[in-house]
Amino acid sequence: GPDFPTGATIVGESGIKEAYRTGKGKITLKAVASIEKKEKRKSIIVMEIPYQVNKASLVERIAELIKEKKLVGIQDIRDESGKEGIRIVIELKKDTNEEVILNRLYKHTLMKTTYGIILLGIHNGIPQLFTLKEALEAFLSHRYNVVKKRTEFDLDKAEQRAHILEGLKVALANIDKVVKIIKTSENEKMAKEKLMGEFTLSAIQAQAILDMKLSRLVGLEREKLEKEYLELIKLMEKLKNILATKKGIMEVIKTELIDIKERFGDKRRTKIIEAEEQEFRIEDIIPDEDMAIILTEKGYVKRVPRSVHKTQARGGVGVIGIALREEDVTSDIFYASTHSSLLLFTDKGRCYSVKVYELPESDRAGKGRPLIGIIGINEDEKIVNALPLKEFKGDIVFATKNGVVKRLNLVSLKNVRKNGIRAVSLRENDNIIGTTFVEKENDIILVTRKGKAIRFDEKELRSMGRAATGVRGMRLNPDDEVIQIKSITHISYVQDKKLSIFFCSKNGYGKKTRIPKFRKTRRGGKGIICMKREIAGCEIVNDSDHLIIISRKGKTLKTPVKPISLQSRSTKGVRVIRLKDDEVAEVRKL
């Protein structure tokens, strides 16, 4: 939508869509105001006003309404605007409802107004009402013609200059003959004709020689002449390449537009809010990009651009991924787009929802912010898994540390409240350790900390309600617990011979093992050995994948999967990340 220099907000999208679809439309603009409380006094602070609304007239109108008793409850109004921007302070009387006053200000003053959009322009000499697409196409067509004609002009100018320089080069190479011809000629016309005949020059070149200053005979001047000629040759080649194809001209247009954007572009000022809910549509002004989200056990969270994690070779020491507070350790890392909705699942079986862009953005080594200030999570809960979603379709399977699994349809989690909803009822001394998407023809894989794994068919799990506890997925030894749940389609590991499971131990050793090495059994079994070390995490990977390994002290290592050894189930693996007084907290596939 339109972005006005005075900021303010646009209410609703229908006017924008209508204007861009038909060429004409009306939008509603609202001033930006906030409630400020100082001691027992409350004030309405107006910080942005609609475009083309005169600030002085607005203040006068409010004063008139107060005088006419159409606005009651206002103690004083003053203009405190300065270099920092607009600031109109409306002081309220005691026991006055500030929301009521604010609504009346919007209703009776130009703090809320309409603005007409009409995309009218002269195109090919005729007035025309444009749709947004037509306006952009007309602009692009115009720029194409301008750039083409400009390039043709520059090429013609360069060719003319090169032609003259070629003549001057001939003259300098035969300077004695040239001087003799000029000295023995009766007049300029005769000299010109003799030069043209002697050296096969054009009239323009011959005239340029006659007009040449004697200072051009100096050695440095000759070098400058040669340098200018070579630069012209390069320029002509460049201009011809631009004119050779439509793509060449379009690239010039693109480069110039990017340059204009970089020199004159600034942050969006006018926000767009929903017509009914009166909420900002921030997605429209936030770039859609992949982010890495890092969580700590103390409940701190941050997001960083995925690009900050640079690839290192196997066995690297990693880089600082998050600056940790005292006695805090990292607990999870996952990836999602800024526009995605995140379902956050806690160890207590509750589910929360948040937009990725609502999470605090930081640099690679930043500390993040408490998650409790963003969602209504309880202090005794810990986020164990996050699912980025575009739509609520399909099923997920929960796994607990005691080996219980439960299948739930995502529709059950569509309307998550601010303070969350219960997704799983847990038995005593049990916690959720993770979730995974499941479809038809899937296998579910559970992995324990002591290095055991079980693989069974998703058909053994039926979908349950949110209040259900679940069923036994794996039988565990007393000193063991489930740490990971994964799912994989039956056909994928048959067709992709390089697909395997990557296991990473707490002390930084890892390996790949082919999936068929883990025979399919019924759920509820004790599983089979998958690694002879204490496991920190696992991922189903292909050789083209990359892994992010994060330590409890906040170091992250991004490494390719391919160099990691392919080994049998009962081996210990090879060093993947070098740790000192630290251990692996989580493993994630990119």
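Here the side chains of N442 and I488 are not in contact, with every heavy-atom distance at 4.5 Å or above. Proximity of R350 to E381: side-chain heavy atoms (C-beta onward) are separated by under 4.5 Å at one or more points. A 4.5 Å side-chain heavy-atom check between I74 and L92 finds at least one atom pair inside the cut-off. With contacts defined as side-chain heavy-atom distances shorter than 4.5 Å, the pair T151/I249 does not qualify. At a threshold of 4.5 Å between non-hydrogen side-chain atoms, the residues L387 and L342 do not count as touching. Counting heavy atoms from C-beta on, the side chains of I90 and L105 come closer than 4.5 Å. With contacts defined as side-chain heavy-atom distances shorter than 4.5 Å, the pair L58/T109 qualifies. The shortest distance between side-chain heavy atoms of Y352 and I377 falls below 4.5 Å.
The two residues A138 and F130 come nearest to each other via the heavy atoms CB-CE2, 3.8 Å. Across every non-hydrogen atom of D79 and R87, the tightest pair is OD1-O, 3.6 Å. In terms of heavy-atom proximity, S43 sits nearest to E91 at OG-CG, 3.5 Å. Residues R422 and V424 share a closest heavy-atom pair of NH1-O, 3.0 Å. For the pair T113 and P50, the tightest heavy-atom approach, listed with the atom from each and the gap, is CG2-CB, 3.5 Å.
Distance NE2/H142 to CD1/I253: 10.0 Å, rounded to 0.5 Å. Considering NZ of K55 and CD1 of I86, their distance stands at 6.0 Å, rounded to 0.5 Å.
The environment of CZ in F392 is crowded: more than 12 heavy-atom neighbours from other residues, nucleotides or ligands sit within 6.0 Å. In Y144, the OH atom is crowded: over 12 heavy atoms of neighbouring residues, nucleotides or ligands sit closer than 6.0 Å. Other residues, nucleotides and ligands place no more than 12 heavy atoms under 6.0 Å from the CG atom of N415. By the neighbour-count criterion of 12 heavy atoms within 6.0 Å, atom CZ of R263 is densely surrounded, having more than that number from other residues, nucleotides or ligands. Environment of NZ in K589: crowded, with over 12 heavy atoms of neighbouring residues, nucleotides or ligands closer than 6.0 Å. Within 6.0 Å of CD in Q128 there are more than 12 heavy atoms belonging to other residues, nucleotides or ligands.
Judged by a 6.0 Å distance limit and a 45° cone about the ring axis, K26 is not positioned over the six-membered ring of Y115.
Note on D395 versus R407: salt bridge recorded, some NZ/NE/NH1/NH2 to OD/OE distance being below 4.0 Å. With salt bridges taken as basic N to acidic carboxylate O contacts below 4.0 Å, one links E539 and K486. Classification of R78 and D76 as a salt-bridged pair holds, one side-chain N sitting under 4.0 Å from a carboxylate O. Under a 4.0 Å N-O distance rule, the pair E18/R21 qualifies as a salt bridge. Using a cutoff of 4.0 Å between basic side-chain nitrogens and carboxylate oxygens, E64 and R61 are scored as salt-bridged. Salt bridge annotation for E137-R143: absent, with no cationic side-chain nitrogen under 4.0 angstrom from a carboxylate oxygen.
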Go through the steps for I62 and H108 under the test side-chain contact (heavy atoms from CB on, under 4.5 Å), then give the verdict.
CA-CA 9 Å; I62 296 171; H108 297 294; over 6 Å; no

Verify side-chain contact (heavy atoms from CB on, under 4.5 Å) between V46 and V32, making sure each step is shown before the conclusion.
CA-CA 6 Å; V46 181; V32 173; over 6 Å; no

Go through the steps for F398 and I485 under the test side-chain contact (heavy atoms from CB on, under 4.5 Å), then give the verdict.
CA-CA 8 Å; F398 296 86; I485 178 171; over 6 Å; no

Trace of the salt bridge (Lys or Arg N to Asp or Glu O under 4.0 Å) decision for E159 with K157
CA-CA 6 Å; E159 286 174 341; K157 194 176 177 182; over 6 Å; no

Using the side-chain contact (heavy atoms from CB on, under 4.5 Å) rule, take T28 and I10 through it: C-alpha gap first, then chi angles, then the decisive distance, then the call.
CA-CA 6 Å; T28 301; I10 296 172; over 6 Å; no

Criterion salt bridge (Lys or Arg N to Asp or Glu O under 4.0 Å) on E36 and K42, from CA distance to verdict
CA-CA 6 Å; E36 189 178 272; K42 287 183 286 188; over 6 Å; no

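Residues D156 and Q160 have side chains that bring a donor and an acceptor to within less than 3.5 angstrom of each other.
A distance-only check finds a donor-acceptor pair linking the side chain of S412 to the backbone of N409 [under 3.5 Å]. Side chain of T114 to backbone of I27: no donor-acceptor contact under 3.5 angstrom is found. Remark: side-chain polar atoms of K406 are paired, donor with acceptor, to backbone N or O of A423 under 3.5 angstrom.
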